[in-house]
There are 2 protein chains.
Amino acid sequence: MARLAGVSQSAVSRVISGDVDAARIPEETRQRVLAAIKELGYVPNASARNLRNKRNRLIGVHTFEAVFPHARTDFYFEFLLGIEERAEQTGFDLVLFTSTGAGDGRRRVYRDGTNRLNLADGSVLLGVSTDRAELARLWNDGYPFVHIGRREVPGAQIPCVIPDYRGAAIGIVDKLAGHGHRRFAYLREPMEMEPYADRRDGYREAVERLGLTDRSPGFRGESGLTGDWIDELVRGGETAVVAESVRLAERLLAGLRERGVRVPQDISVAVLEATWQGTSVQWDSLEIPRVAIGRIAVDRVIDMLDHPDEPPESLLVPCPIVPGTTVAAAREERP
Amino acid sequence: MARLAGVSQSAVSRVISGDVDAARIPEETRQRVLAAIKELGYVPNASARNLRNKRNRLIGVHTFEAVFPHARTDFYFEFLLGIEERAEQTGFDLVLFTSTGAGDGRRRVYRDGTNRLNLADGSVLLGVSTDRAELARLWNDGYPFVHIGRREVPGAQIPCVIPDYRGAAIGIVDKLAGHGHRRFAYLREPMEMEPYADRRDGYREAVERLGLTDRSPGFRGESGLTGDWIDELVRGGETAVVAESVRLAERLLAGLRERGVRVPQDISVAVLEATWQGTSVQWDSLEIPRVAIGRIAVDRVIDMLDHPDEPPESLLVPCPIVPGTTVAAAREERP
DNA sequence: TTGAAAGCGATACCAC
DNA sequence: GTGGTATCGCTTTCAA
């Protein structure tokens, strides 16, 4: 123990923590302690410190599934970039909770009653297959965390950092309407999660506000894309299609091409999803500011740490709209 | 405290740890404790545990510079993928030491005497600008860690997981020789780090063993690439060039093109560096099995944890040679 | 100014 | 089988 080295004892603590009580220590003693520290290569024990202080300067990152199978590196990776950046700037270390793998690729927060997250002062959670029950329990336990992406759990006020899909959907409809489009169609994914709900809300709101027409199955709530419907689209007077995913947009594009319909000359197509490099077409789409979201998530957690009493609120982050080559002015309406 | 809930006290500990002494606890008591745990949502305190056990099931990852400015995501990212994968499989969590940023992009292990790494049972260190003094100190402190990539420090036996650049260089020379090449040239980077030394060792060994000729400046120890030298190369009888980096190979290629020399028909070029997507040419080069290296690094750390007495040894990981379009059979020697 | 001592929460030894 | 209790290393009153 370093205390033996010098002559003092808990003075070591005062010297190390440095700040406030530093004044109360005479320079001579301070130097003696510092020398002893260097001499022995003394290093304070982190665990013991936390045990006392209830603070680690550790922020947890829990992903509900492993990062690595998600080969589209931009998904998790960019969030992590932002998280790392902010953690560094604020002097926090990051714990990646990897130990909690259930073996099936899913990861749980609670395993046989223990919550590894407690290791960290607070955590950022993210993932596509978020477990709502765990979110709720975490919230009930009063553990400080934010979730990246909106997740609603009845009876709990999950604090989230949310890409503003609703706003982006509105922006995209506005843009199309600005190009003279009046008759729209909507391509819907089968998924029923909050991010999709947000897009649908925004789309519906914009369509109604602007008095546009949409008689597509997707707008009525049916997901998917059939050949029949593409036929109908070609026959009908729609000039703009908004798709929830690149996947759907690509299938639509192929179908339209087969039928000799050109995009964007005959029909404009926009996508309510962030696109990535290597897609065949440069879609008009939205961008998820992932790095910024990661940064903001860390800030929110630190905020909750600093103000444990204030009720945690969710935060909306705007998604820029990315211009592509699939939207053009509406052609004259066909009969 | 959960102990109050039931009736017992340190029995809780026995129940929680579960394994060995579990038999010594009657089922009835066990159930009572378990019920209380569930009731209170009790979670054992990680810090307190470590304080006793000296074990966290936490593996640290220290990068000597921030991950995020290194936009070439494959560099750090793939190592991390492997690290994460293995950590999950072995039930460890990961600590990313981000707090130690010096503000200038560099990260230090020791900051004003404290070593954050102690938070984790052992650590994987990686980075291009590794600080050798810190490595040495860490080693002297007996802290269990491995470094990804070879780093030599006088007086310390740093355990490393090393991409076998030496073997890959030999393999590439062998391959060129197999294509009938006899007169070689070597393009050298100004950098003087171990990974380059390894390449140079391997190259020299292969050249000597096979009785090949190399009269290039790079082989003599001069780095860089001048127009004069390209002129000489074109006049001379060299048919194969081995470059330490894509950067050099690309400059060479441009120079050769200007002079009407074709690659690989007239001169074959191979690169002793892992190539990435988006290069103009598909270089014959080597591959760094980064994900595998990450996995292995974690295994090595766990190994050191399990056998603290065995002297830590470095591990060589073979680098596959990637066929490209820049190596072909040697043309007949020019006079 | 500085030292003694009481915990923080969990574990494990040791009596009962 | 079970419940006290010393202990891990550090911080923080409280006296001296």
Side-chain angles (χ1 to χ4, degrees), chain A residues 1-37 40-58 111-121 141-143 308, chain B residues 1-37 40-58 112-121 141-143:
Chain A
M1 191 108 61
R3 8 205 98 171
L4 307 183
V7 270
S8 41
Q9 69 160 146
S10 68
V12 175
S13 178
R14 295 194 254 253
V15 171
I16 288 178
S17 48
D19 337 85
V20 196
D21 306 299
R24 296 181 46 199
I25 292 205
E27 192 54 24
E28 196 251 352
T29 314
R30 229 179 75 81
Q31 287 310 330
R32 210 138 36 96
V33 172
L34 253 27
I37 285 178
L40 308 187
Y42 166 82
V43 159
N45 178 309
S47 304
R49 268 186 139 152
N50 317 340
L51 187 54
R52 273 292 331 204
N53 304 341
K54 265 353 216 141
R55 276 292 147 81
N56 278 235
R57 295 207 75 77
L58 227 45
R111 192 164 48 169
D112 43 58
T114 47
N115 167 8
R116 279 290 277 180
L117 295 206
N118 268 306
L119 196 70
D121 299 342
D141 289 356
Y143 183 82
Chain B
M1 192 107 62
R3 8 205 98 173
L4 307 185
V7 270
S8 42
Q9 75 160 148
S10 69
V12 174
S13 179
R14 291 193 259 254
V15 172
I16 288 177
S17 49
D19 335 87
V20 196
D21 306 299
R24 296 180 47 200
I25 291 203
E27 193 53 25
E28 196 251 353
T29 313
R30 228 180 76 81
Q31 288 309 330
R32 210 138 34 98
V33 172
L34 253 27
I37 285 176
L40 307 189
Y42 167 83
V43 160
N45 177 310
S47 304
R49 275 185 132 154
N50 320 340
L51 186 55
R52 282 281 340 196
N53 304 343
K54 268 349 216 152
R55 276 293 145 80
N56 276 231
R57 295 206 75 75
L58 227 46
D112 42 57
T114 46
N115 167 8
R116 280 289 281 180
L117 296 206
N118 270 308
L119 196 69
D121 299 342
D141 288 355
Y143 182 81

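These numbers were taken from a predicted model, which means no experiment stands behind them. Labels below follow one simple rule: chain letters A, B, ... track the order of the sequence lines, proteins then strands, and each chain is numbered from 1.
With hydrogens and angles left out, the side chain of B:Arg14 and the base of D:dG3 share a donor-acceptor pair within 3.5 Å.
Distance A:Lys54 NZ to D:dG9 P: 19 Å, rounded to the nearest Å. Across the protein-nucleic acid pair, B:Leu51 atom CG and C:dA10 atom C1' stand 9 Å apart, rounded to whole Å. D:dC10 atom P lies 15 Å from atom CG of A:Asn56, rounded to whole Å. One interatomic measurement links the two molecules: CZ of B:Arg52 to P of C:dC13, which rounds to 8 Å at whole-angstrom precision. Protein atom CG of B:Asn53 is 16 Å distant from nucleotide atom P of C:dG9, rounded to whole Å. In this structure, B:Arg55 places its CZ atom 20 Å from P of C:dA10, rounding to the nearest Å. Look at CG on B:Leu119: it is 13 Å from P on D:dC10, rounded to the nearest Å. Atom-to-atom, CG of B:Asn45 to C1' of C:dA10 comes out at 8 Å; the value is rounded to the nearest Å.
Checking side-chain atoms of A:Asn56 against main-chain N and O of A:Asp121 turns up no donor-acceptor pair under 3.5 Å.
Side-chain contact between B:Asn50 and B:Leu58 is absent, with no heavy atoms from C-beta onward closer than 4.5 Å.
In the helix from C:dT1-D:dA16 to C:dC16-D:dG1, the rotation axis of the first five pairs and that of the last five pairs differ in direction by 50°, rounded to 10 degrees.
Within the 4.0 angstrom heavy-atom criterion, no nucleotide atom of any strand lies near B:Asn50.
Note on B:Arg49: a side-chain N or O is less than 4.0 Å away from OP1 or OP2 of C:dT11.
The OG atom of B:Ser47 sits 12.5 Å away from atom CZ of A:Arg49, with the distance rounded to the nearest 0.5 Å.
B:Asn118 approaches B:Tyr143 most closely through the heavy-atom pair OD1-CD1, 3.8 Å.
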